[in-house]
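I have placed the structure first, in the form of structure tokens, so that the comments after it can refer back to it.
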Amino acid sequence: MVNKEDRFNNKRFKEVLAKYEAGQGNLDSLFFDVDDIMDIAEYYNYKADVDNARKAVAFAAHLYPTSPMVLILQARMALFSDFDIDKARHYAQLIEQQGCEDMEYFYLKAEMLLFEDYIYEADSYLESKIPLLDGEDLEDFYLDVAFIFLDYRLPEYAKAWLDRSNEKDDPDYLEADGRIAFLMEDYDKCETIFKKLLENEPFAVPLWNTLASAQFLNGRLVESIDSSEYAIAISPNNPEALLNKARCLSTAYRFSEAAEFYERYLTQVPNDSSVRAMYGVALIAYGKYDEALSNLYQAKDTCTDKSLIPEIVKQLVFVLSKKGQTDEAFAVVDQAEKKGHIDHLDRLLNEGRLFLDIKEKERAGDRFVEAILESKHSMGIYMEVAIAYYVNDAFFETIKTLTSALFYNPREKRGYAYLADSYRQYGMKQEFLDTLKLACENNPLEVKEVMCNMFPIDMDPRDFYDYALKKFNGDKPADGIGNDFE
């Protein structure tokens, strides 16, 4: 398969792209062959420039309205940008009428099945096309199908197809292997692979973005910020790069800087309710409550994904409580349940948090216990309760909640960092150290989120335990950081 960086950096493609971009004011006077205009559309897609990709696809359709390859481009645009399966089917039918047997058409048909969650059917359909292919086409097919399943976050299927390939040194093989590692939470392997790929493709924004995400989830915030900055330097308005950096800055408690990058992201993707809510949380963190409320209400009113609304309601309730508008906060919870925006568990959790805010710990505890029992000891509910206690400095209750949570959910990796710090706050040094070790092994990102201010910002969270152990043994870190251990 052709290295994407080489493909888009060669002299001929640059000349074609320059001709296309120079003629934007009068495209009717230009002519390109079908492969060139498709390469232009793919180039913009590779650079995550959706608007220009859409324009290039429309221009391709103007020049070649019946071309199967152009119809495939239009179908993919309908599927992935417009989320319109009916429009995609329309283009697919036009292709089918021409008797097309191209691999790209096979991929489109499989993607349409996956779009509607017909995973087994998509896999079987692709399997049925193997007898039609051989040689290099078959090797390309294995790699391409692996990427298709990766796009739908199905690493087991992707790995099964990738394992068929003999192209172990191909950059596309390595990228697929790295993305599989990412989805299987093997972030060390993912980092190693993507760093190797970037040696040959240093201007590939998607590679920098995946590396930044792996580093973030691995708790390596400084490295993740650096990778995001490389991506932003190459493509200043790339949404994924801006979001990666914003998340890292938030985790590092640099909320005013995070808000700036969330705002830049929302300039590019204004209807992303999830990120608008994150922006609201960053504004809350440095006291911009009115601005936070405005963004949270906007996120709630424009949200089309019902699964996001409970978190938005939770943040709305938090801000109203901090502004002293407790009655209004209770009313928001009540109305949200009546409208079906939250369920009864969410109501119990929100009311518990509000009772904690107004120092009615016993009533809060009643709500939390009811939520835990009703959820049948769900770890997610335990985490919500534990964090509510933790942020209110109720460390004894945090310890009780999390020890119970981990008893009922022994395979869980969440919670150890909050439990460790609660032991520290409660003066239980050995329990702190023992639990910190488990936290560093099980969930380095959570450790970084909870204890970021206690350790050097550039320290790998896996080293936190040794650092803390030395501090408790009386060693003085050279950087002078660590007074929080006293």
**OP:** Test side-chain contact (heavy atoms from CB on, under 4.5 Å) on Thr403 and Ile399 and set out the steps.
**Re:** CA-CA 6 Å; Thr403 51; Ile399 292 168; 4.2 Å; yes

**OP:** Decide yes or no for Ile85 and Leu79: does some side-chain heavy atom of the first lie under 4.5 Å from some side-chain heavy atom of the second?
**Re:** yes

Subject >> Lys87 vs Gln74 side-chain heavy atoms within contact, under 4.5 Å >> reply: no

**OP:** Measure the shortest side-chain to side-chain distance between Tyr408 and Lys376 over non-hydrogen atoms and say whether it is less than 4.5 angstrom.
**Re:** no

Subject >> Inter-residue atom distance Asp35.CG - Glu42.CD, 0.5 Å rounding >> reply: 11.0 Å

Original post:
With distance as the sole test, does Asn409 use its side chain to make a donor-acceptor pair with the main-chain N or O of His377 at under 3.5 Å?
Top reply: yes

Original post:
Which of these passes salt bridge (charged side-chain N to carboxylate O under 4.0 Å, His left out) with Arg220: Asp460, Asp226, Asp463?
Top reply: Asp460

**OP:** Would you give the length of the straight line joining atom CZ of Arg164 to atom NZ of Lys159, rounded to the nearest 0.5 angstrom?
**Re:** 12.5 Å

**OP:** Assess the side chains of Gln97 and Gln93: does a donor N or O sit below 3.5 Å from an acceptor N or O?
**Re:** no

Original post:
Does the side chain to side chain donor-acceptor pair (under 3.5 Å) test come out yes or no for Tyr43 and Asn52, once each step is laid out?
Top reply: CA-CA 10 Å; Tyr43 165 80; Asn52 277 318; over 6 Å; no

**OP:** State, with a plain yes or no, whether a side-chain heavy atom of Lys129 is found less than 4.5 Å away from one of Met103.
**Re:** no

Original post:
So does Lys196 have more than 12 non-hydrogen atoms from other groups sitting under 6.0 Å from NZ?
Top reply: no

Original post:
Distance only, no hydrogens: is a donor on one side chain within 3.5 Å (strictly under) of an acceptor on the other, for Asp272 and Tyr265?
Top reply: yes

Subject >> Parallel, tilted or perpendicular: ring planes of Phe59 versus His62, cut at 30 and 60 degrees >> reply: parallel

Subject >> Tyr152 (side chain) donor-acceptor with Glu111 (main chain) under 3.5 angstrom >> reply: yes

**OP:** Quick one: pull up OH in Tyr279 and CD in Gln298 and give me the separation to the nearest 0.5 Å.
**Re:** 10.0 Å

**OP:** Output the distance between atom SG (Cys100) and atom CZ (Phe106), rounded to the nearest 0.5 Å.
**Re:** 7.5 Å

**OP:** Go through the side-chain N and O atoms of Tyr382 and Ser404 and say whether any donor and acceptor fall under 3.5 Å apart.
**Re:** yes

Original post:
Roughly how far, to the nearest 0.5 Å, is CG of Leu211 from CD1 of Ile193?
Top reply: 11.5 Å

**OP:** Grab the two heavy atoms, one from Arg179 and one from Phe147, that are nearest each other, plus how far apart they are.
**Re:** NH1-CD2, 3.3 Å

Original post:
Which pair of non-hydrogen atoms, one from Ile119 and one from Leu114, has the smallest distance, and what is that distance?
Top reply: CA-CD2, 3.9 Å

Subject >> Flag, side chain of Ser375 to backbone of Ile372, donor-acceptor distance under 3.5 Å >> reply: yes

**OP:** Would you sort out whether Glu21 and Lys55 count as a salt bridge (charged side-chain N to carboxylate O under 4.0 Å, His left out), showing the intermediate values?
**Re:** CA-CA 11 Å; Glu21 291 184 336; Lys55 289 177 184 176; over 6 Å; no

Subject >> Side-chain donor or acceptor of Lys109 paired with backbone N/O of Leu126 under 3.5 Å >> reply: no

Subject >> Any donor-acceptor N/O pair, Arg264 side chain to Pro236 backbone, under 3.5 Å >> reply: yes

**OP:** With side-chain contact (heavy atoms from CB on, under 4.5 Å) as the test, would you mind laying out the steps for Ile284 and Leu296 before giving the verdict?
**Re:** CA-CA 10 Å; Ile284 291 167; Leu296 288 168; 4.1 Å; yes

Subject >> Closest heavy-atom pair and its distance - Ala110, Ala122 >> reply: O-CB, 3.8 Å

Original post:
Between Tyr91 and Ile72, does a side-chain contact (heavy atoms from CB on, under 4.5 Å) hold up when you go through it step by step?
Top reply: CA-CA 7 Å; Tyr91 291 123; Ile72 287 169; over 6 Å; no

Subject >> Side-chain (Glu449) to main-chain (Thr251) donor-acceptor, under 3.5 angstrom >> reply: no

**OP:** Evaluate salt bridge (charged side-chain N to carboxylate O under 4.0 Å, His left out) for Glu384 paired with Arg353, printing each intermediate quantity in order.
**Re:** CA-CA 9 Å; Glu384 293 284 351; Arg353 295 185 197 100; 2.6 Å; yes

Original post:
Would you find a donor on one side and an acceptor on the other, under 3.5 Å apart, between the side chain of Gln98 and the backbone of Thr66?
Top reply: yes

Original post:
Taking it one step at a time, do Phe432 and Tyr423 satisfy ring pair (Phe, Tyr, Trp, His ring centres under 6.0 Å)?
Top reply: CA-CA 5 Å; Phe432 162 67; Tyr423 280 134; 8.7 Å; no

**OP:** Applying salt bridge (charged side-chain N to carboxylate O under 4.0 Å, His left out), run through Lys189 and Asp177 and close with a yes or a no.
**Re:** CA-CA 9 Å; Lys189 179 180 178 180; Asp177 197 26; 3.4 Å; yes

Subject >> Asp186 side, atom CG; Asn218 side, atom CG - distance, nearest 0.5 Å >> reply: 9.0 Å

Subject >> Donor + acceptor pair across side chains of Asn244, Trp208 (<3.5 Å) >> reply: no

**OP:** Would you check if the side chain of Ser165 reaches a backbone N or O of Trp161 as a donor-acceptor pair within less than 3.5 Å?
**Re:** no

Subject >> Single hit among Glu260, Glu257, Glu229 for salt bridge (charged side-chain N to carboxylate O under 4.0 Å, His left out) with Lys245 >> reply: Glu229

Subject >> Beyond-backbone contact of Met383 with Tyr418, side-chain heavy atoms, under 4.5 angstrom >> reply: yes

Original post:
Can you check whether Ala212's main-chain N or O pairs, donor with acceptor, with Ser224's side chain at less than 3.5 Å?
Top reply: yes

Original post:
Do NZ/NE/NH1/NH2 and the carboxylate oxygens of Glu104 and Arg76 come within less than 4.0 Å?
Top reply: yes

Subject >> Residue Tyr118 excluded, over 12 heavy atoms near OH under 6.0 Å >> reply: no

**OP:** In sequence, state the C-alpha distance, the side-chain angles, and the governing distance for Tyr107 and Phe141, and then conclude on ring pair (Phe, Tyr, Trp, His ring centres under 6.0 Å).
**Re:** CA-CA 9 Å; Tyr107 303 152; Phe141 187 72; 5.8 Å; yes

Subject >> Side-chain donor-acceptor pair present, Asp36, Tyr20, cut-off under 3.5 Å >> reply: no

**OP:** State, without any angle test, whether Asp305 and Ser307 hold a side-chain donor-acceptor pair at a distance under 3.5 Å.
**Re:** yes

Original post:
Are the aromatic rings of Phe455 and Phe464 close, with centres under 6.0 Å apart?
Top reply: yes

Subject >> Side chain to side chain, Tyr64 and Asp33, heavy atoms closer than 4.5 Å >> reply: yes

Original post:
Is a side-chain donor or acceptor of Asn350 paired with a backbone partner of Asp346 at a separation under 3.5 angstrom?
Top reply: yes

Original post:
At their closest point, which heavy atom of Ile309 faces which heavy atom of Cys303, and how far apart are they?
Top reply: CG1-SG, 4.0 Å

Original post:
Of the non-hydrogen atoms in Ile312 and Ser273, which two are nearest, and what is the gap between them?
Top reply: CD1-O, 4.4 Å

**OP:** Taking all non-hydrogen atoms of both residues into account, name the closest pair between Phe261 and Ala246 and its distance.
**Re:** CB-CB, 3.8 Å

Original post:
Would you call Arg12 and Asp39 a salt bridge, using N to O less than 4.0 angstrom?
Top reply: no

**OP:** Compare all side-chain heavy atoms of Gln268 with those of Asn238 and state whether any distance is below 4.5 angstrom.
**Re:** no

Original post:
Any side-chain heavy atom of Arg424 sitting closer than 4.5 Å to one from Glu431?
Top reply: no

